[in-house]
Number of protein chains: 2
Amino acid sequence: MCSVKRRDDRTAAARIRDAAVELFGREGFHKATVRDIAKDAGVSPALVLHHYGSKSGLRDACDEWVVEEFARARTEMVESGTSTDPFAAMALIQGEEVRMAYLLRSLREGTPAAGRLFDGLVEHSLRMMEQGVRTGELRPSRNLHDQAVLLVAWQFGGLLLQGDVARAFGTELNSREMKERYIRAVLEVMTHGVFSDSRYEDAWNELEPTESVSEGAMEHD
Amino acid sequence: MCSVKRRDDRTAAARIRDAAVELFGREGFHKATVRDIAKDAGVSPALVLHHYGSKSGLRDACDEWVVEEFARARTEMVESGTSTDPFAAMALIQGEEVRMAYLLRSLREGTPAAGRLFDGLVEHSLRMMEQGVRTGELRPSRNLHDQAVLLVAWQFGGLLLQGDVARAFGTELNSREMKERYIRAVLEVMTHGVFSDSRYEDAWNELEPTESVSEGAMEHD
DNA sequence: GTCTATATAATGATAGAC
DNA sequence: GTCTATCATTATATAGAC
């Protein structure tokens, strides 16, 4: 806003992609127009199509870019110090607000790229949880893979609905109080569960008559 | 498809609304066009706008209708046999596939109506959970209200991401196997939690230095 | 109440100069 | 590579007849 034309190392194509990631994330694919993206990138609408062929092509480029960035962050995390906290996996996608917004929007819109991210995070969480079980920090599960899927879905669900959570809490979105109360609630449930007697344990046994999965069924490619 | 013109008790306005609920839910607000809605309702596009003023007005009418229907179902459930299972609250919004699709789409698109539904379900769940605690089926929580918010968000999150869950499970969406495995995973986490030692209990105590909430803070209107 | 036009506006995409 | 037109399509919304 301070100056229309500012020094920028990025090529026009990169500026367009970055502007698109931000606008797609904030407004959604449909509402974000090629004109708006061009304006934010400081180029003409025609150049957007020239570089990416079509609006759809631009989205594909954004998908690829964001997926790559997340994969890079995940690799870095694994190679550096490793935590076995199943929620630490979420830390790697926090912080980068713009990419995060893009990811959440993609998840809402159900794009293939979001699916790949989801799958990747499940795999990553599963590996960390396996290690957590080995070190004794986590309870062994009858099906660790399914549990990883569930936890990732819940974490993303909480992120997708954070506006509703904030409102129900009566706090500002992303305020310190909201985060604290959310973490407290998560911690409590994840430590104790919510059921107090063996009634649901019985229900469980009824559901699982014969087969016993110990290490997590990995039959999906 | 079997016959273009069929006997139908509903007024044209009602047919339009029903068609809109279905199309908004299936395609989203943007992608579902007035023309398509009119076609499905068996009327002209102009009549749609005549009755509801604008496409937005039509959405408002759909919101009101769907919210009303869910409220009615919830009231019926409370007045009949009452379960204290915190997940039984979700049962009342299952089954009605079309309205459910509309609700999930509204949640994805972040409409105010979805927010009202969310809040209503939190209140309802909280009441059931309070009863569950009294009867001893549920563990007492340090903040039952926040826990209710979390559980509703997670349940909705799982619903929102059921496509990803099915894929990660390697099952068909809505297949019997998928539902069973999902329920098993939920039951396990909700019964035992996932953490095995007191490390996170300590983290909890650090987070909560002085205040102690026992019955759930209800400071939100 | 319901229809057949039609107005109006916005959008993705193209052509062709520089 | 980048721009200025411009096209073609599609959308919501309106006017006015029946």
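Letters A, B, ... are given to chains in the order of the sequence lines, protein chains preceding strands, and every chain is numbered from 1. If you're wondering where the values come from, they're calculated on a predicted model, not measured in any experiment. Only heavy atoms go into these numbers, but all of them, side chains included; no hydrogens, no water, no symmetry mates.
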Length of the [atom1]-[atom2] vector between [X] and [N], whole Å:
X: H50(A); N: dT4(D); atom1: NE2; atom2: P; answer: 15 Å
X: L58(B); N: dA13(D); atom1: CG; atom2: P; answer: 10 Å
X: K39(B); N: dT12(D); atom1: NZ; atom2: C1'; answer: 18 Å
X: F24(A); N: dT11(C); atom1: CZ; atom2: P; answer: 13 Å
X: L47(B); N: dA17(D); atom1: CG; atom2: P; answer: 18 Å
X: K55(A); N: dA10(C); atom1: NZ; atom2: P; answer: 15 Å
X: R59(B); N: dT12(D); atom1: CZ; atom2: P; answer: 12 Å
X: H30(B); N: dG12(C); atom1: NE2; atom2: P; answer: 10 Å

Look at all strands and tell whether H51(A) reaches a base, only sugar-phosphate, or nothing, counting heavy atoms closer than 4.0 Å.
->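 Sugar-phosphate, no base atom in range.
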Heavy atoms from other residues, nucleotides or ligands near CD of E27(B) exceed 12 (cutoff 6.0 Å) = yes
Hey, can you tell me if W154(B) and W154(A) have their rings parallel, tilted or perpendicular (30° and 60° cut-offs)?
-> parallel
Interface residues of residues 13-22 of chain A with DNA chain D (non-hydrogen, below 4.0 angstrom) =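 By residue number: none to list.
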Begin with the C-alpha distance, continue with both residues' side-chain angles, and end with the deciding distance and a verdict on side-chain hydrogen bond (donor to acceptor under 3.5 Å, both in side chains) for D146(B) and Y182(A).
-> CA-CA 7 Å; D146(B) 283 6; Y182(A) 187 81; over 6 Å; no
Annotated structure of DNA chain C as dot-bracket, pair cut-off 3.5 Å, Watson-Crick or G-U only, | for inter-strand, is |||||||.||||||||||
Please tell me which of the listed nucleotides, dT14(C), dG12(C), dT4(C), lies nearest to the side chain of A46(B)?
-> dT4(C)
